[in-house]
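Working notes, beginning with the structure itself.
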Amino acid sequence: MKERRGTATGLLAAMLWLGATWSGNAHADGASAATQSLDSVRAAAEQAVREHYALPGSRVVVSSAPLDLRLQLAACREPLRAAIPPYATASSRMTVRVQCPQDGGWTVRVPLKLQLFRSVLVASRPLQRGDGLSAADVRAEERDVTRLGYGYIENLGQAAGRTLARSVARGSVLSPGALGGRRMVRAGDHVEMVARLDGIEVRAAGVAMGSGDNGARLRVRNESSGKVVDAMVSAPGVVVALP
């Protein structure tokens, strides 16, 4: 009951601000022919959301609750206008502004519920921190991405060269935050050490003592001499000795 009173109060305030009329006793049957169908207002808002999120691979489910029957809007001679801001984030609850674009027209905000289903990757088995991802580790499932506040991954290409920064339970949606940085070299890898001096290049085998992506500094032990040197990752499995 409190929620209904709050909704009615909000609508009244919005109408006063918008210049719309309000009849405390009016019902749908009593509305005159010169009033705008509230269902048409809802339909315009719903259609705008469908069109905005109708991307390839997406399934959009949108619904709006009936508007308060006491809301009386003058019949609009022009097609109703409803638009979603270009960079609006998909949310399970949205409010869409519907306008009657004529002189003396009105504007109404329509609350909506949105479900945006997309194919996302979930773990097909328990995964451990440090694991890389392969096709055997994941499966695609359709999920409502408006409920995935931490984001999601749609294909393995987004995780290429990366490992898990934390463990992931079976059936959990893989999010970008679950992935650690890319590592061209991992601790314990056998790497090729490259030393350059005055145009002369010398190569040797070494063992990485740290992990990192291109440009990362780490220490490497020469497999022949046992000497430990500072180096920088330059390619997968390759480090350049630093002066």
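Residues V239 and E192 fail the side-chain proximity criterion, which asks for heavy atoms closer than 4.5 Å. With a 4.5 Å cut-off on side-chain heavy atoms, D131 and T163 do not count as touching. V120 has its side chain out of reach of L174: every pair of non-hydrogen atoms, C-beta onward, lies at least 4.5 Å apart. Taking 4.5 Å as the limit, some side-chain heavy atom of L179 sits within range of a side-chain heavy atom of L133. Considering only heavy atoms from C-beta on, V110 stays 4.5 Å or farther from E46 through its side chain. For the pair L148 and R143, the minimum side-chain heavy-atom distance is below 4.5 Å. Annotation: side chain of L121 is not in contact with side chain of V173 (no heavy-atom distance under 4.5 Å).
Note on V145: it clusters hydrophobically with V122, by side-chain heavy-atom contacts below 4.5 Å among ILVMFWY residues. Cluster annotation: L67 is connected to W106 through the hydrophobic network of ILVMFWY side chains, with a link wherever side-chain heavy atoms come within less than 4.5 Å. L218 and V191 fall within the same hydrophobic cluster, defined by Ile, Leu, Val, Met, Phe, Trp and Tyr side-chain heavy atoms under 4.5 Å apart, directly or through other members.
Contact check on R221 versus E223 returns no salt bridge, with no Lys/Arg side-chain nitrogen under 4.0 Å from an Asp/Glu carboxylate oxygen. Salt-bridge formation is not detected for the pair E142/R118: no Lys NZ or Arg NE/NH1/NH2 atom is positioned less than 4.0 Å from an Asp or Glu carboxylate oxygen.
For L242, the side-chain contact (heavy atoms from CB on, under 4.5 Å) partners two or more places apart in sequence, or in a different chain, are R217, D230, M232. Scanning for side-chain contact (heavy atoms from CB on, under 4.5 Å) contacts around S172 gives V168, A169, with sequence neighbours left out. Residues passing the side-chain hydrogen bond (donor to acceptor under 3.5 Å, both in side chains) test with R81: none are found, sequence neighbours excluded. Every residue two or more places apart in sequence or in another chain was checked for a side-chain hydrogen bond (donor to acceptor under 3.5 Å, both in side chains) with S63, and none qualifies. A search for side-chain contact (heavy atoms from CB on, under 4.5 Å) contacts involving D39 returns S37, R42, not counting sequence neighbours. Here P176 pairs with I153 under the side-chain contact (heavy atoms from CB on, under 4.5 Å) rule; sequence neighbours left out.
Rounding to the nearest 0.5 Å gives a distance of 14.5 Å between CG of L55 and CZ of R59. We find the CZ-CZ distance between R109 and R97 to be 5.5 Å, quoted to the nearest 0.5 Å.
A donor-acceptor contact shorter than 3.5 Å is absent between the side chain of Q115 and the backbone of D144.
Each of V96, L80, L71 was checked for a side-chain contact (heavy atoms from CB on, under 4.5 Å) with V108, and the lone residue meeting it is L71.
In the model, Q158 has no side-chain atom that pairs as donor or acceptor with a side-chain atom of E154 under 3.5 Å.
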